[in-house]
Amino acid sequence: ATDSVDAAQLVSARRWDVVEVRRFMVVFGLISTVFDLLTFFVLLRVFDATCPLVSKVHVEVAKLAREGYEFIMIGHKGHPEVEGTMGQLDAGIHLVEDVDDVARVRPAQAARLAVVTQTTLSVDDAAEILAAVKRRFPQVREPKQQDICYATQNRQDAVKVLAPAVDVVIVVGSPTS
């Protein structure tokens, strides 16, 4: 792997060197962390750019946890939002990625059980998993409002309409979402 990538390499490359991409990500992550620390300790001006919908999920988890609830989190393992939400608690939050995972959830108690979702999930996939959760735990507390991001849902709906009319749909985005 080389230490830099020029435009000619990007145009001619069919696949990036994974080591090179990871090196960039590590450096970028380190720079970001250093910048965050400097901002906090030197400038003392910190701006929270967390999506308001994600913050809503975090607040809901913290509030209900104080009331003795356990949680089922519908989402993708390793996704930053899932890790952030699950990191709000030391215990009592169970990740389910698909319908089969619902059968493996073993809450300490089911009387106070709530469900939250990753905001960038497929609306259809989340609905199918939520239905399985409700079949297994009929008393589960659902969010007051849907956790799926409206912008995400709008884009998913657009792809559903567009897909039958084209040969190929290319979606560009994070591999974790």
Side-chain angles (χ1 to χ4, degrees), residues 15-16 18 21-22 25 28-29 32 47-177:
R15 183 176 172 156
W16 286 13
V18 173
V21 173
R22 285 189 181 144
M25 290 169 54
F28 179 78
S32 176
F47 298 95
D48 184 355
T50 304
C51 169
L53 199 53
V54 172
S55 293
K56 177 196 93 64
V57 172
H58 289 183
V59 167
E60 183 175 15
V61 166
K63 176 186 170 286
L64 292 177
R66 286 190 300 273
E67 296 175 18
Y69 277 83
E70 280 191 58
F71 298 89
I72 294 175
M73 169 106 204
I74 300 173
H76 298 297
K77 183 177 183 175
H79 187 280
E81 180 185 338
V82 169
E83 295 200 0
T85 302
M86 294 187 70
Q88 301 294 310
L89 303 176
D90 293 329
I93 187 163
H94 311 273
L95 178 63
V96 296
E97 295 186 271
D98 56 39
V99 171
D100 293 338
D101 285 347
V102 175
R104 292 187 276 278
V105 173
R106 300 283 180 255
Q109 50 80 31
R112 289 184 171 257
L113 189 62
V115 65
V116 294
T117 65
Q118 174 185 325
T119 65
T120 56
L121 288 179
S122 154
V123 174
D124 296 335
D125 291 347
E128 182 182 0
I129 298 167
L130 180 58
V133 169
K134 288 168 42 176
R135 278 192 303 274
R136 175 132 189 255
F137 303 103
Q139 77 293 354
V140 71
R141 180 177 176 151
E142 296 180 63
K144 292 177 186 169
Q145 295 179 331
Q146 183 181 8
D147 289 342
I148 304 294
C149 170
Y150 69 88
T152 298
Q153 184 170 351
N154 289 347
R155 287 176 182 89
Q156 291 170 4
D157 291 345
V159 168
K160 286 180 193 175
V161 170
L162 175 69
V166 299
D167 293 327
V168 176
V169 175
I170 299 173
V171 178
V172 179
S174 168
T176 59
S177 287

With heavy-atom distances below 4.5 Å as the criterion, would you say the side chains of K56 and L53 are in contact? yes

Is there side-chain contact between C51 and E81, with at least one heavy-atom pair below 4.5 Å? no

So CZ of R104 and CZ of R136: to nearest 0.5 Å the spacing works out to 10.5 Å

- request: Determine whether more than 12 heavy atoms belonging to other residues, nucleotides or ligands lie under 6.0 Å from atom CG of D90.
  value: no

- Item | Working for side chain to side chain contact (heavy atoms under 4.5 Å, CB included), residues I74 and Q118 | CA-CA 6 Å; I74 300 173; Q118 174 185 325; over 6 Å; no

When rounded to the nearest 0.5 Å, the distance separating CD of E60 from OG of S55 is 12.5 Å

Between F137 and A110 the two heavy atoms that sit nearest each other are CD2-CB, 4.2 Å

Is there side-chain contact between L113 and R141, with heavy atoms separated by less than 4.5 Å? no

Can you check whether K77 reaches V82 side chain to side chain, under 4.5 Å on heavy atoms?
-> no

State, yes or no, whether a side-chain contact exists between H76 and L121 at a heavy-atom distance under 4.5 Å.
-> yes

ask   = Heavy atoms, side chains only, cut-off 4.5 Å: are R135 and V102 in contact?
value = no

In short, E128 meets V99 closest at the heavy-atom pair CG-CG2, 3.7 Å

Query raised in the report: Under 3.5 Å, is there a donor-acceptor pair between the side chain of E67 and the main chain of Y69?
Result: no

When rounded to the nearest 0.5 Å, the distance separating CD of Q88 from CD1 of I93 is 8.5 Å

Side chain to side chain contact (heavy atoms under 4.5 Å, CB included) test vs I129 passes for just one of I72, D101, V96, namely V96

Nearest heavy-atom contact between G75 and L95 is O-CD1, 3.7 Å

- State whether a side-chain donor-acceptor pair under 3.5 Å links H94 with E70. yes

Task: Check against side chain to side chain contact (heavy atoms under 4.5 Å, CB included), D124 and K160 - done: CA-CA 11 Å; D124 296 335; K160 286 180 193 175; 2.6 Å; yes

ask   = Looking at side-chain heavy atoms only, is the closest gap between E142 and L130 below 4.5 Å?
value = yes

